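The structure appears below as structure tokens.
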Amino acid sequence: MFKRIAQTAGLAGLLAAILLTLLQTLWVTPLILQAETYEQSEPAEHVHDGVAAHEHEPEAWSPEDGWQRTLSTSGSNLVVAVGFALMLAGLYSLRTPLRLWQGLAWGVAGFVTFNLAPAAGLPPELPGTAAADLLSRQYWWIGTASSTAVGLALLTFGRSWGLRILGLVLLAIPHLIGAPQPDVHESLAPEHLERQFVFASLATNALFWLALGLISVWLFRRPSAPDAA
């Protein structure tokens, strides 16, 4: 079983990561590059009411445009995709999918848990966008993803109305609490570019999760040569 899980996760993660990288390169990265032009054109020092507010800190290293950025993105996508595929394959070992279409259901659940629900409070951000404290946002993201995962599981597999109602409550709690927000909402990039980026980011991740779900279920259900023999 461990070999089956590892093989499923490795190949499914690789194929889904390739798809995600291709979509990001064609759709998401151009929007980021466009937003970075607004960030780079921002003056190094802001003046408010005649007083110098702050100067930008020296920029940390980041991959250059071209092969460096693509290689860095590909490596990150591969690690994340294999990790998610391992999680799915482990769940399949507990409840084996009987039909290929169930991979789509697992993919939708993964997208809602790790992308859509967190994005309701913390949408994807372009460079140059004001944001709340990083640690607070990370805590809220982890809590939202965890609460959403458990809530969806109770709604899907709960055997009583009480468990299903609890699932709905867990889905709502993070959004009733609210995501941490900056004191002032501002962005260097224009609003229409932000909307395009949010849509592109969510759409690419949706396609990634659907592909990961379908491929992982197909590989998990496909008998290996020794088993078939």
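Computed from a prediction, not measured in an experiment: that's the story for all the values here.
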- Task: Show your working on side-chain contact (heavy atoms from CB on, under 4.5 Å) between Phe199 and Glu194 and close with a plain yes or no.
- Result: CA-CA 9 Å; Phe199 178 78; Glu194 289 185 81; over 6 Å; no
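- The closest side-chain heavy-atom distance from Leu170 to Thr148 is not below 4.5 Å.
- A distance-only check finds no donor-acceptor pair linking the side chain of Trp218 to the backbone of Leu100 [under 3.5 Å].
- Within the 3.5 Å criterion, the main-chain N or O of Gly121 finds a donor-acceptor partner in the side chain of Gln181.
- Smallest separation of non-hydrogen atoms from Ser187 and Thr129: OG-OG1, 3.4 Å.
- Closest approach of Pro30 to Leu26, counting heavy atoms only: CG-O, 3.8 Å.
- The main-chain N or O of Gly110 is never found under 3.5 Å from a side-chain atom of Thr113 such that the two would form a donor-acceptor pair.
- Follow the hydrophobic side-chain contacts under 4.5 Å out from Leu171 and you reach Trp141 in the same cluster.
- Between Phe111 and Phe208, a ring centre-to-centre spacing not shorter than 6.0 Å is recorded.
- Of the possible polar contacts, one joining the Thr21 side chain to the Ala17 backbone as a donor-acceptor pair under 3.5 Å is found.
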- Task: Apply side-chain contact (heavy atoms from CB on, under 4.5 Å) to the pair Ile32 and Val28, showing each step before the final yes or no.
- Result: CA-CA 7 Å; Ile32 295 176; Val28 178; 4.0 Å; yes
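- Connection of Val198 to Leu122 is not established within any shared hydrophobic cluster, with ILVMFWY side chains joined at heavy-atom distances below 4.5 Å, either directly or through further cluster members.
- No donor-acceptor pair closer than 3.5 Å links the side chain of Arg164 to the backbone N or O of Leu154.
- Among all heavy-atom pairs drawn from Glu125 and Ala130, the shortest one is OE2-O, 4.3 Å.
- When all heavy atoms are compared, the tightest approach of Ala35 to Ala189 is CB-CB, 4.2 Å.
- Hydrophobic clustering keeps Leu202 apart from Trp27 (ILVMFWY residues linked when any side-chain heavy atoms are closer than 4.5 Å, directly or through intermediates).
- Under the 3.5 Å distance criterion, the side-chain polar atoms of Ser136 are left unmatched by any main-chain donor or acceptor of Pro180.
- Between Tyr38 and Pro127, every side-chain heavy-atom pair lies at or beyond the 4.5 Å cut-off.
- More than 12 heavy atoms of other residues, nucleotides or ligands lie within 6.0 Å of CG in Asp133, so this atom counts as buried by the packing criterion.
- Side chain of Ser216 to backbone of Ala85: no donor-acceptor contact under 3.5 angstrom is found.
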- Go through the steps for Val80 and Leu20 under the test side-chain contact (heavy atoms from CB on, under 4.5 Å), then give the verdict. CA-CA 11 Å; Val80 171; Leu20 180 60; over 6 Å; no
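- Checked by atom type and distance alone, the side chain of Ser93 pairs as donor or acceptor with a backbone atom of Gly90 at under 3.5 Å.
- Inter-residue side-chain proximity for Leu193 and Pro190 is flagged as met; some heavy-atom pair is nearer than 4.5 Å.
- Summarising the geometry of Leu14 relative to Leu78, their closest heavy-atom pair is CA-CD1, 3.8 Å, with the distance given to 0.1 Å.
- Taking CG of Leu22 as the reference point, atom OG of Ser74 lies at 10.0 Å (rounded to 0.5 Å).
- The two residues Val217 and Gln102 have their closest heavy-atom pair at CG2-C, 4.5 Å.
- Between Thr73 and Asn77 there is a side-chain heavy-atom pair separated by less than 4.5 Å.
- Rounded to the nearest 0.5 angstrom, Gln24 CD and Asn205 CG are separated by 7.0 Å.
- In this structure, Tyr92 and Trp106 have perpendicular ring planes: the angle between them is above 60°, well past the 30° mark.
- At distances below 3.5 Å, not a single donor-acceptor pair connects side-chain atoms of Gln7 with backbone N or O atoms of Arg4.
- Around CZ of Phe157, the count of heavy atoms belonging to other residues, nucleotides or ligands within 6.0 Å exceeds 12.
- Judged by distance alone, the side chain of Trp209 and the main-chain N or O of Ala109 form no donor-acceptor pair under 3.5 Å.
- Counting heavy atoms from C-beta outward, Phe197 and Ser201 have side chains that approach closer than 4.5 Å.
- Clustering ILVMFWY residues whenever any of their side-chain heavy atoms sit less than 4.5 angstrom apart, transitively, puts Leu207 in a cluster other than the one holding Leu116.
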